[in-house]
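Since we're looking at a predicted model, the values are computed, not measured. What's counted below: heavy atoms across the whole structure, side chains too, no hydrogens, waters or symmetry copies. Each chain gets a letter, A, B and so on, in the order its sequence line appears, and its residues count up from 1.
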Amino acid sequence: MNIKKKLLLIDGNSVAFRAFFALHQSLDRFVSHNGLHTNAIYGFNTMLDRIIENTNPTHTLVAFDAAKETFRNAKYSNYKGGRAKTPSELSEQLPYLKKLLEAYGIKSYELIDYEADDIIGTLAKKAEKEGFEVTIVTGDRDLTQLATDRTTVSVTQKGVSETESYTPDHVLQKYGITPGQIIDMKGLVGDSSDNYPGVAKVGEKTALKLLKQFGTIEKLYDNLDKLKPSKMKEHLEEDQKIAFLCKDLARIRKDAPITLTLKELEWKGRDTAKLTSFYEEVDFKSFLKKLDSKTKKKKPESTKIDYTVLTEDNINELSLSFKNGISFYLEMSGDNYHLAPLVGFVIAYDGKYFVSRNCELLKSEKICSALEDPAIPIDLFDGKRTFVGLARLNVKLSDVDFDLLLVSYLLNASENSNDLGKLAQLHDYTDVSTDEEVYGKGAKYLIPEDDQVFFNHLCSKLQAITALKSPLLNQLKENKQEELYIKMERPLSFVLGNMELAGIRVDQNRLEQMGSEFKERIEEVKLEIYNEAGEKFNLNSPKQLGVILFEKLKLPVIKKTKTGYSTAVGVLEQLRGMAPIVDNILKYRQIAKIQSTYVEGLLKYVSPKDSKVHTRYTQTLTATGRLSSVDPNLQNIPIRLPEGKKIRQVFVPRKENWEIFSSDYSQIELRVLAHISHDENMQAAFKRGADIHANTAMQIFGLESAEQVTPNMRRQAKAVNFGIVYGISDYGLAQNIGISRKQAKDFIDRYFKIFPGVHQYMKKIVEKAHKTGYVETLFKRRRYLPDITSKNFNLRSFSERTAMNTPIQGSAADIIKVAMINMQKMLKKEKLQAVMLLQVHDELIFEAPQEELKKLKKLVPNVMDEAVSLEVPLKVESSSGKTWYDTK
DNA sequence: CTGTTCACG
DNA sequence: ACGTACGTGAACAGC
């Protein structure tokens, strides 16, 4: 196992300084029993824990400035002159800080004649050469000059626990220059805290402008005569010497005479005993407690697990009863469990572990009967994946007791990793590695040949599942989410597994035929575009297209992106009519999208075995509780435009004389909103079966009757309704329907007056989120919104909109999930041949023999209707046809 | 590996 | 004054 080497370099003085001033108001609260100030140590410690957790360094060092005088004073005697003396409350902490570092097992280092920067610069360069990934932590932006593709510079913000990470890209994005040009900038601007002046009257803005034009100070002065005469030019001429000197002062040395080797910086972790006594000395109670709980949790060296390798010969030694339940993990080499090779498994009961690479053994009577017996409780991670994997061996996983993946997702839907090791870590269980650590990733992904390594990893997964079972189930109980787990997500995982296994049939010939038609049209349009542009270029490149449209053809620039001109649909639509090329580009985009994503993309997934595509539904990904669909994504098959909609013609039933049947909830999200907001006006509209958008239009435009609503009014009202569901803002609404912000605000104000219950709901839910830190759906699905208290307007606003939207979107997701579970049961109970195939958020798609259609037409809407009882009726619409295209 | 664009609800 | 609608996945370009 080859873990990447990571070096963490900390600018000791600078971070301590930042920590000291960040906690300056609390200076008096941070005094130990013998009178020592501790605020800087405390802040430093907080930062240290965070950065270690985030970067997982293998090597560490904290650099300090040695004495006052360095080589820079020899070059410029005023260097750092006039700087206020370090306050004694801070300097008294420095020796203790070094003690803290010692307990952390981190080396402190200083070097006569050099500053901490130079030590860091030198070691970073050295480490890079040896293949390290380097993280630098400092409070001083000057160090961003050291950023490279292998070195990230984290600069502390306001406090010290939050940092801003500077990669070369980030420097470029923020300043428009490369890290190397930072020193040129400092040369021109100077540095007041280090007391060197730079060029008179040149500040950051001017410096950046000059550097973007010329690159470096040297080139700037080589080309000074190209500048128009100005005051600035005079200053530049006068201060030339100073500029070069300042640049030299700003340059961090990468050749300091450091005798340390990188090997000496290897980090072996904290010394708990030393750290405990240090914390006691400085009265850090909270850190002591943290340390205590960490050491307690650590299990007595359990890295090596006893297991038995199963073979055909010893399989009979397995217990017969498994009555206390089993835990089970089936390993596959790859993500797509419909296809990934089954490479091994582990089964455990009564604390004994049995492993094998031979998954055929799972078919043996002994194991198979246990997995298929609903009376034997099974604990695992990702029941759906396991269910599908076993189904490939014709083993039918019967029931699951504890599914770590599902439970973990319900406890916190935002932390949605699919890796057992990572999830376990989130719950403070650290005795299991992640798959990435053991198997590698990308091209290096490999199931280990070493049995010891592989089997040990599998066993440690089961240990994690067992260890987390009762604490996580307790948390579910505290959150009142047991029912959500037992009645909804756990049974749903099997429903989804069956849908995935069923798959939907694709008419491959038809799809290929469509492909060649699209291909011809693409070629035609492409040729026309090249003609109109006067040259060939890569039409798929927004960058190249931007050059043609906005530079060559001189069309007006409507919107810019981070990297250049925007060429998105909205922009192109505004350019329509100005040049014929625009229409053709839109046409090209449309067809090229269909071709690459839906023709070629889909063909890649058609199984040669059964002519079907088997998507995977991700049950534990979205923050709201919706499903998502991958490989292929069958939840975004085109429907809005006629060209794209044709793709639906290739989705066909599995048998002759069968049809595709589809039912969808109409306006489910608005109905959910009417329910949870108790808004009487909105509820009344749904109860009398009104066209909800027309109704909204009538009311916000103050009309007498529905007949007076024009199509345009309805369109605008519809946008307002959508906006409400999304957590409305005047800006967003204005953008969407192309009106002014003021008009949009007007609409919203009127809307809230007409639907006061909705207004109340919006206010209350945001309040609740502020108070509790989370919001919930009808079925107690929970989403945490940590940013809701942020001082950053953007983050906070986003969280507030999310607080409004999540209960609506999430409850709708809950409802259809209930319907799916009931539907599956109903199909079985009624002994129908019909198969549930797909879910598209508010829609369920089936295939069925023609003779069952009549029955389904009643049954499916009934089940969907009765999934939940709201204060307003639900409405379900159905249709059927020979292909998915022909439904509705 | 990130950003842009575009497909869906 | 700030500056975005909510939730997704795939293809592609260009580093």
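Under 4.0 Å is where a charged nitrogen must lie from a carboxylate oxygen, and between A:Lys174 and A:Glu164 at least one such pair does. A salt bridge does not link A:Glu415 to A:Lys422: none of the charged nitrogens lies less than 4.0 Å from a carboxylate oxygen. Using a 4.0 Å cut-off between charged nitrogen and carboxylate oxygen, A:Glu517 and A:Lys646 do not count as a salt-bridge pair. Salt bridge status for A:Lys593 with A:Glu643: absent, with no side-chain N to carboxylate O gap under 4.0 Å. A salt bridge is defined here as a Lys NZ or Arg NE, NH1 or NH2 lying under 4.0 Å from an Asp or Glu carboxylate O, and A:Asp335 with A:Arg616 fails to meet this definition.
Judged by atom type and distance alone, A:Arg741 reaches the base of C:dG3 through a side-chain donor-acceptor pair under 3.5 Å. No N or O donor and acceptor, one from the side chain of A:Asn540 and one from the base of C:dA13, sit under 3.5 Å apart.
OP1 or OP2 of B:dT4 lies within a sub-4.0 Å distance of a side-chain N or O belonging to A:Thr563. Between A:Ser566 and B:dT5 there is a side-chain N or O to OP1 or OP2 distance below 4.0 Å. Between A:Asn636 and the phosphate of C:dA10, there is no side-chain N or O to OP1/OP2 separation shorter than 4.0 Å. Phosphate contact (OP1/OP2 of C:dC6, side-chain N/O of A:Thr624, threshold under 4.0 Å): absent. OP1 or OP2 of B:dC8 has at least one side-chain nitrogen or oxygen of A:Arg640 nearer than 4.0 Å. For A:Lys562, no side-chain nitrogen or oxygen approaches OP1 or OP2 of B:dT2 to under 4.0 Å. OP1 or OP2 of B:dA7 has not a single side-chain nitrogen or oxygen of A:Arg589 nearer than 4.0 Å. For A:Lys604, a side-chain nitrogen or oxygen approaches OP1 or OP2 of C:dA11 to under 4.0 Å. Using a 4.0 Å cut-off, no side-chain N or O of A:Ser729 falls inside it from OP1 or OP2 of C:dA5.
A straight line from CD1 of A:Ile668 to P of C:dG7 spans 18 Å, rounded to a whole angstrom. Between A:Arg626 atom CZ and C:dC6 atom C1' the separation is 8 Å, expressed in whole Å.
Nucleic acid contact for A:Glu843: none, since no nucleic acid atom lies under 4.0 Å from a heavy atom of the residue. Across all strands, A:Ala413 comes closer than 4.0 Å to no nucleic acid atom at all (heavy-atom distances).
Contacts between residues 796-813 of chain A and DNA chain B, counted as heavy-atom distances below 4.0 Å, involve A:Gln809.
Nearest nucleotide to the A:Pro638 side chain, out of C:dA13, C:dG7, B:dC8: B:dC8. For A:Val630, taking side-chain heavy atoms from C-beta onward, the closest of the listed nucleotides C:dA10, C:dG14, B:dG9 is C:dA10. For A:Ala568, whose side chain is taken as the heavy atoms from C-beta onward, the closest listed nucleotide among B:dC6, C:dG7, C:dC12 is B:dC6.
Both A:Asn416 and A:Ser596 lie close to DNA chain C; mapped to their nearest nucleotides by heavy-atom distance, the more 5′-ward contact belongs to A:Asn416.
Formation of a donor-acceptor pair under 3.5 Å by the A:Asp419 side chain with backbone atoms of A:Asp435 is found in this model. Looking only at distances, a side-chain donor or acceptor of A:Arg648 sits under 3.5 Å from a matching main-chain atom of A:Pro638.
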Reading DNA chain C 5' to 3', what string of ( ), [ ], | and . shows its pairs, if Watson-Crick and G-U wobble pairs count only when both distances fall under 3.5 Å?
.....|||||||||.
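With C1' as the reference atom, C:dG3 and B:dC6 are 23 Å apart, rounded to whole Å. With both ends at atom P, the span from B:dT5 to C:dC2 equals 24 Å, rounded to whole Å.
Taking the six-membered ring for Trp and thresholds of 30 and 60 degrees, A:His614 and A:His338 have ring planes inclined between 30 and 60 degrees apart. Relative orientation of the A:His693 and A:Phe722 rings is parallel, given thresholds of 30° and 60° on the angle between their planes.
Both geometric conditions, a ring-centre gap below 5.5 Å and a plane tilt below 30°, are not fulfilled together for A:Phe793 over the base of C:dC2.
Contact of the A:Ile728 side chain with the A:Tyr751 side chain is not registered, since no non-hydrogen atoms from C-beta on lie closer than 4.5 Å.
Scored by the salt bridge (charged side-chain N to carboxylate O under 4.0 Å, His left out) test, A:Arg589 finds no partners at all (sequence neighbours excluded).
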